[in-house]
Amino acid sequence: FGEATNPAQMPIIKEQGDFVGIAPCTDLKCDVRFPSPKPYSWLSMGNWCPNLSWDKKGTKSHPNPNCLKHSDGTFIKGGLCENGFNHQSFLPGPEPPTGEQGCVYKYGKATMVKLDDVVGITSEFCGKRRCKDWLDFRFNCSNRQHYQRQFMLNGQIKSVDYCVEFDIHPACEASCQAPACLDLLRSGKTAYLGLPFWHGRCDPRANDRRVETVGFALGLPGALKSHLLVEPKLLQRSCPASKASSWSCVPLAALHFAGPYCTRSFNGACDRCYIPGVAGGPAEVQRPWCPLDVLQSPTYKDLGLKITCKSKSASWHCCLYTGTCDGDSAPGTAPLTDDGLALVAARKNTEDMKNFLKRAASASNRYRALPLDHSNMHWAAYFAWDAAPLDRTLEEALAEMELYLTSERPMVTLFSTTTTTLPTVAGPRPNNFPPSLACAARSVSFGPLDMPGSMATPTANLEECQLKCRKTKGCFHFSMLEVGNSCHLQGFSALAQENSLGFISGPPECWQAKKDKGLLIDKGHDTYVSLSFACMAWGSSFSPALPGAYSTLEEKDFPSEMEATLECQKRCIDRKDCKHFTVSFPIRSCILVGKDAMVTEGIQGAISGPSKCDDKSMQSYYWEALPKSEQPTWRTTSSALSVLGLGMVALAIFMSTVLWRRPACSARSVQSCACDHAESVERSERLMEWHQATSSHELVESRAWDIELPME
């Protein structure tokens, strides 16, 4: 790892220095195994000492003498600019790279997802539980009749003794354009085996669905909402209008401005596109087609280009760019023709398209009996429009709708993850829900979207989704997608994801409704945990690990994520050179780090903290996380420590022998109750442990806490 994969580039890097490589797929025929309806690009970024692997590079301050050098004898620094990583945004920052040596690229925050989750492996059953990963699915999947099948070289299907994630007919394995493959696909015979997610590898539209599904999992805001897989702010940057290169973005007057244009809408890089149906343009249709708003993009909005279309018929598409089409685009009155389909699609609205397709289906003898209220109807309508025109007839759109509505499985399975968030910032609260949901937040979800052993289910309403969470062991949050009322449950380590349009999330029970608030705190977004986790941070990950300081917390030894987290902290306490720990779920890894470790934010499933929560970190929690009216009063006194210490010891001894009958005082409402406890011996032992931790030597050296409690 760390070594450039193409040694032939070394002389170029030595002579020219660092550069960013881009290999565009503009003609849509770059890989005949995976046809795509949209352009895509491969990007490659350089690293320092690109000719050696990580274990041989040395360090940047003391590199291996054999590291690649410039012609002047200086070491190749790599292209990442100083402070070139922006952990707060997908965008790398307002200032572009300088292009000088050592500063040719910057990057924004990233998101990590497990492919096993996205493709549906962890939604399959392995016995009476969900499959943990690909290897578990491979050897233990329950649906053996469906998944223990594979193609032979002659195209016949054979039974095997292991489960197959995906297999494709040999006729299509090397190329979807091979005559034998085309014949097979036209015949309707079985071409794919394995998980439904991968079916349709030779179908460009199915590949487009997969791309958006992965984009959604990665947290791209436009994925499965607006077909936009690029950070919106990036679209505000114009493309260079250079005539001097093959990447010219100046539409040719000789082609009557049919193109080529440039757009960032496909993948963020400036890529060529064309406007179809331009009068005087080329006879051969050129692709890909530009987004409908290309003339209003920053690159062209001030150029005043005059385009004349061959026709005002919407099915010729050109007039959709100029706004000169004949006909009504309203979904309730648009003509049930190819023109009507194009007009409604140009509105770029899923509900409008759904209403139009329902009208068209109801008027057709072939389609009127279909279940038009099926949950897949939403996705049939969504994929019937795009940012650019779709070259399809109304009959083709209805035929595809039929495939969606007759499918035994959901055509799109939502799996979402998260990026970094601020712990105390919540989304806008809905004001039309019952008191039990007063703490729910709109446009907020939690990731991973489905906790281990759980999968999305449709529910009647938000209350039912919350009830499902309350009845599920280990559930800390629910996230309901309003489209289809799809209910997802999340566990202890889940991280809040803001700007999740269409989602409503909340805890299994709001704070006001909790009967037992004893020693609970809110870490933000209604994540109620015990005081033991006050100084820990969700989504933070430290690295590198100390030597020999990586271990796995087996579920059989530590069944809950909370137990595993506290065990990882304990291991940090037991090691003198450990300053912080990171526990990561669902892999359940425990990493211990030293004083020079670096922290990365926004890592889903990660929880980090110091070896011990000292008094200052505990006190800072109260000032930052709790409403002022609910903060305890802290005073520094000379005698408080001895009084408080003796009092707490006596209280713990008394609680260990008597079951108190009154409500417990919580850390969140310590001023509003008389600290009357109603807990078992087990609770008293936990309180004793908490007291022992907070009355440590470090506490004596810093300050004594005098918690003022109202007298009964």
Side-chain angles (χ1 to χ4, degrees), residues 22-43 176-177 200-212 214-215 220 222-223 226-230 234-235 237-242 245-252 255-278 281-300 305 307 309-310 314-322 341-342 345-346 348 382-393 396-397 400:
I22 180 170
C25 179
T26 300
D27 62 3
L28 308 181
K29 297 179 181 178
C30 295
D31 194 327
V32 291
R33 298 169 301 167
F34 310 101
S36 171
K38 300 174 183 176
Y40 53 90
S41 299
W42 293 272
L43 295 175
C176 294
Q177 301 301 317
R201 199 196 75 179
C202 287
D203 179 2
R205 291 184 58 75
N207 288 333
D208 198 30
R209 287 198 303 270
R210 274 185 282 274
V211 169
E212 285 217 38
V214 174
L220 299 182
S226 63
H227 298 289
L228 184 62
L229 304 184
V230 178
L234 187 60
L235 298 179
R237 299 181 181 178
S238 62
C239 290
S242 171
S245 71
S246 60
W247 282 90
S248 171
C249 295
V250 178
L252 301 178
L255 296 179
H256 294 267
F257 303 114
Y261 293 86
C262 273
T263 178
R264 295 185 184 272
S265 297
F266 296 130
N267 51 48
C270 291
D271 214 334
R272 288 168 290 183
C273 65
Y274 298 85
I275 295 179
V278 174
E284 182 181 356
V285 176
Q286 295 176 292
R287 296 182 185 275
W289 290 350
C290 296
L292 288 169
D293 60 357
V294 67
L295 296 177
Q296 288 76 48
S297 67
T299 306
Y300 303 107
L305 298 177
I307 296 177
C309 298
K310 293 179 182 179
S315 57
W316 284 71
H317 307 299
C318 176
C319 60
L320 298 172
Y321 292 86
T322 59
L341 174 67
K348 296 189 285 189
Y382 176 74
F383 286 104
W385 65 271
D386 208 328
L390 296 176
D391 190 17
R392 297 199 304 163
T393 65
E396 289 171 335
E400 184 176 85

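We're numbering straight along the sequence, starting at 1.
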Is any side-chain heavy atom of Pro260 less than 4.5 Å from a side-chain heavy atom of Tyr274? yes
Looking only at heavy atoms, which two atoms of Ala223 and Gly215 are closest? And how far apart? CB-C, 3.6 Å
Please confirm whether Phe383 and Trp385 have ring centers closer than 6.0 angstrom. no
Asn207 and Pro35: which non-hydrogen atoms are nearest, and at how many Å? ND2-O, 2.8 Å
Classify the angle between the aromatic ring planes of Trp289 and His317 as parallel (below 30°), tilted (30 to 60°) or perpendicular (above 60°). tilted
Nearest 0.5 angstrom please: Tyr300 OH to Ser238 OG, how far? 9.5 Å
Do Phe266 and Pro288 have side chains that get closer than 4.5 Å, going by heavy atoms? yes
Is there a side-chain contact between Ser41 and Asp271, using heavy atoms and a 4.5 Å cut-off? yes
Atom SG in Cys239, atom CZ in Arg264: separation rounded to 0.5 Å? 4.5 Å
How close do Asn267 and Pro39 get, heavy atom to heavy atom, and via which atoms? ND2-O, 3.6 Å
Is the gap between the SG atoms of Cys202 and Cys176 under 2.5 Å? yes
Got a salt bridge between Arg205 and Asp203, using NZ or NE/NH1/NH2 to carboxylate O under 4.0 Å? no
Considering only heavy atoms from C-beta outward, does the side chain of Thr393 approach that of Leu341 to under 4.5 Å? no
Hey, are the side chains of Ile275 and Ile307 touching, using non-hydrogen atoms and a 4.5 Å cut-off? yes
Is the closest side-chain heavy-atom distance between Thr322 and Cys309 below 4.5 Å? yes
When you look at Lys38 and Asp386, which way does the salt bridge (Lys or Arg N to Asp or Glu O under 4.0 Å) test go after all the steps? CA-CA 11 Å; Lys38 300 174 183 176; Asp386 208 328; 3.1 Å; yes
Is the closest side-chain heavy-atom distance between Tyr321 and Pro276 below 4.5 Å? yes
Using a distance-only test with no angle check, is there a side-chain donor-acceptor pair under 3.5 angstrom linking Tyr382 and Glu212? yes
Counting C-beta onward and ignoring hydrogens, is there a side-chain heavy-atom pair between Leu292 and Pro389 closer than 4.5 Å? yes
Contact summary for Leu229 and Leu220, nearest pair of heavy atoms: O-CD1, 3.6 Å
What one should report as the nearest heavy-atom pair of Cys273 and Thr263 is SG-CG2, 3.9 Å
Please check: side-chain N/O of Arg201 versus main-chain N/O of Phe34, any donor-acceptor pairing under 3.5 Å? no
Chi angles and distances behind the side-chain contact (heavy atoms from CB on, under 4.5 Å) call for Val278, Phe257: CA-CA 8 Å; Val278 174; Phe257 303 114; 5.7 Å; no
What's the verdict on side-chain contact (heavy atoms from CB on, under 4.5 Å) for Arg392 and Glu400, showing C-alpha distance, side-chain angles and the deciding distance? CA-CA 11 Å; Arg392 297 199 304 163; Glu400 184 176 85; 3.2 Å; yes
Under 3.5 Å: donor-acceptor pair, side chain of Tyr261, backbone of Leu295: no
Under 3.5 Å donor-acceptor, Ser265 side chain and Pro291 backbone: no
Salt bridge or not between Asp391 and Arg287? Use side-chain N to carboxylate O under 4.0 Å. yes
